[in-house]
Visitor: 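Here it is, the structure in full.
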Amino acid sequence: MSDGAVLHVRGRVLVGPEDVRDELWVVDGRVTFSRPAAVGAASEDVRTVGGWVLPGLVDAHCHVGLDAHGAVDAATSEKQAITDRDTGTLLLRDAGSAADTRWIDEREDLPRIVRAGRHIARTRRYIRNYAHEIEPGDLAAYVRAEARRGDGWVKLVGDWIDREHGDLTACWPGDALAEAIAAAHEEGARVTAHCFAAESLPDLLAAGIDCVEHATGLTEELIPVFAERGVAIVPTLVNIATFPQLAAGGEAKFPAWAAHMRRLHERRYDTVGAAHDAGIPIYVGTDAGGSLAHGLVAEEVAELVKAGLDPAEALSAASWGARAWLGRPGLEEGAPADFVVYAEDPRADVRVLADPRLVVLRGRPVA
């Protein structure tokens with residue numbers, strides 16, 4: 001499309017789960033539901049497409065600028081972002097990266113990123129080259145600094161394998177968490193934490209955590225507390241699927257940890273289903289960028305359906321609801337035109353998400 005061109009989308013525009021419009025227009029990179037006055041003039045360049053329209057999809061847990069060994073160069077980061085974009089994922093919550101990816105914000109052709117800064121982990125208790133590795137006395141200061149550097153989020157590593165214990169254990173004492181999360185909130189940031197096991201969750205809840213990543217350790221006792229306090233979870237089920245492989249690799253040295261990881265994997269759908277039934281907010285995240293590929297949002301949405309969310313709820317976790325949670329607009333009058341067009345209704349079959357007909361970013365078709 002040339003500068004000044006108008007894009008006209010006809011079909012079923014899914015503004016919300018129940019709010020469906022017949023058409024939208026893109027003018028000067030923004031959404032409007034009113035026919036532009038200039039349309040029809042000989043000088044106007046209008047392209048019309050048809051289909052089912054969703055707001056640009058959201059991956060609420062990914063890592064642009066990161067691979068299994070740490071920070072990557074700009075060219076690799078660009079490839080990661082383009083892979084997400086071309087699958088219709090146009091808003092990313094980068095849940096921790098050792099790379100500086102601010103340059104992406106200047107690129108009109110790459111997804112928007114909400115950053116949580118760099119992971120904050122206990123010394124020698126996380127993946128090498130990923131995190132600030134510190135001790136509890138420094139936690140609040142590091143959290144405050146990352147809150148100022150990020151886009152309204154801070155990422156903690158709540159638990160990890162303790163080699164002396166031979167299993168997952170909590171990384172932080174409760175008093176350090178309380179001070180640190182209070183510091184983040186003072187800076188206007190929310191805090192999320194990587195947590196596999198149950199043991200780290202009570203102290204995080206008591207400290208005022210806003211979100212938990214993975215959340216495989218949720219228990220019957222903890223689920224009502226999450227629901228009452230509105231603490232969200234991002235299950236990353238496509239990542240949890242790797243637990244048996246991880247367990248096999250570490251079983252000889254850490255048999256208790258390996259057995260624990262298998263138990264968490266076996267009950268993963270029941271855990272997410274119970275969280276959903278209790279009313280815990282659930283959002284789509286893939287954990288792409290570490291050892292997982294980017295572009296897996298469609299698979300994660302399908303996993304949430306397997307766990308008990310109905311298709312509209314799973315779609316909301318990757319679109320309308322996720323955008324509202326992150327404070328970003330969807331398909332609203334005057335909003336930036338970031339959306340995806342599909343040949344069929346994704347509410348009838350979420351697998352449609354894997355095959356977008358057209359991806360529009362900042363008002364321009366990009367894929």
Side-chain angles (χ1 to χ4, degrees), residues 56-121 126-133 145-146 149-157 160 192 194 213-214 234 236-243 245-246 249 283-301 303 318 322 326 328 338 340 353-356 359-362 364-367:
L57 301 181
V58 178
D59 188 338
H61 185 133
C62 74
H63 305 280
V64 174
L66 198 66
D67 69 7
H69 306 289
V72 298
D73 60 19
T76 304
S77 298
E78 179 186 48
K79 290 178 182 178
Q80 293 173 339
I82 288 173
T83 298
D84 286 319
R85 181 200 72 186
D86 289 354
T87 58
T89 307
L90 306 183
L91 178 61
L92 313 174
R93 186 182 62 148
D94 194 335
S97 179
D100 180 0
T101 60
R102 285 289 175 188
W103 59 270
I104 288 177
D105 295 346
E106 306 303 318
R107 289 278 298 269
E108 293 294 308
D109 62 328
L110 296 180
R112 303 167 193 273
I113 300 182
V114 176
R115 295 173 183 82
R118 190 171 185 175
H119 302 80
I120 302 174
Y126 198 48
I127 302 168
R128 185 178 299 177
N129 301 324
Y130 272 36
H132 296 298
E133 296 190 16
E146 291 305 301
R149 289 183 61 248
D151 299 316
W153 284 92
V154 176
K155 170 72 174 295
L156 306 179
V157 177
W160 196 250
T192 192
H194 161 106
E213 311 300 312
H214 317 301
V234 182
T236 68
L237 287 166
V238 292
N239 178 37
I240 307 311
T242 69
F243 278 16
Q245 179 182 354
L246 296 175
Y283 299 104
V284 163
T286 66
D287 208 1
S291 57
L292 267 68
H294 283 255
L296 300 178
V297 161
E299 293 183 31
E300 182 67 17
V301 172
E303 284 287 284
L326 294 175
R328 299 301 190 270
D338 297 343
V340 194
L353 298 183
D355 187 23
V359 178
V360 176
L361 177 62
R362 295 169 172 83
R364 290 181 174 274
V366 291

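These numbers come from a predicted model, not from an experiment.
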Visitor: Salt bridge between Asp151 and Arg102, side-chain N to carboxylate O under 4.0 Å?
Guide: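 Salt bridge between Asp151 and Arg102, a charged N being under 4.0 Å from a carboxylate O: yes.
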Visitor: Identify which one of Trp160, Trp153, Tyr126 satisfies the ring-ring contact (aromatic ring centres under 6.0 Å, His included) criterion when paired with His119.
Guide: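 Of the listed residues Trp160, Trp153, Tyr126, the ring-ring contact (aromatic ring centres under 6.0 Å, His included) partner of His119 is Tyr126.
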Visitor: Sub-3.5 Å donor-acceptor pair from the side chain of Asp338 to the main-chain atoms of Arg362, do we have one?
Guide: yes
Visitor: For the atom pair CZ (Arg85) and CG (Leu110), what is the distance rounded to the nearest 0.5 Å?
Guide: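 If we round to the nearest 0.5 Å, Arg85:CZ and Leu110:CG are 6.5 Å apart.
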Visitor: Describe, in one word, how the ring planes of His194 and His214 are oriented to each other, choosing from parallel (under 30°), tilted (30 to 60°) and perpendicular (over 60°).
Guide: perpendicular
Visitor: Taking ring-ring contact (aromatic ring centres under 6.0 Å, His included) as the test, write out the residues that go with His294, two or more places apart.
Guide: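 So His294 forms no ring-ring contact (aromatic ring centres under 6.0 Å, His included) with any residue.
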Visitor: If you apply the rule side chain to side chain contact (heavy atoms under 4.5 Å, CB included), what do you find for Val58 with Arg328, and how did you get there?
Guide: CA-CA 10 Å; Val58 178; Arg328 299 301 190 270; over 6 Å; no
Visitor: When rounded to the nearest 0.5 angstrom, what is the spacing between CD in Gln80 and CG in Leu66?
Guide: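 So the gap between those two atoms works out to 7.5 Å.
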Visitor: With the threshold set at 4.0 Å, does a side-chain nitrogen-carboxylate oxygen contact exist between Asp94 and Arg115?
Guide: no
Visitor: Rounded to the nearest 0.5 Å, what separates atom CG in Leu90 from atom CZ in Arg112?
Guide: 8.5 Å
Visitor: Determine, for Lys155 against Glu213, whether the closest basic-nitrogen to carboxylate-oxygen distance falls under 4.0 angstrom.
Guide: no
Visitor: By the salt bridge (Lys or Arg N to Asp or Glu O under 4.0 Å) test, which pairs, at least two apart or in different chains, include something from residues 61-76?
Guide: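 Every candidate salt bridge (Lys or Arg N to Asp or Glu O under 4.0 Å) pair involving residues 61-76 fails, so no pair, neighbours aside, qualifies.
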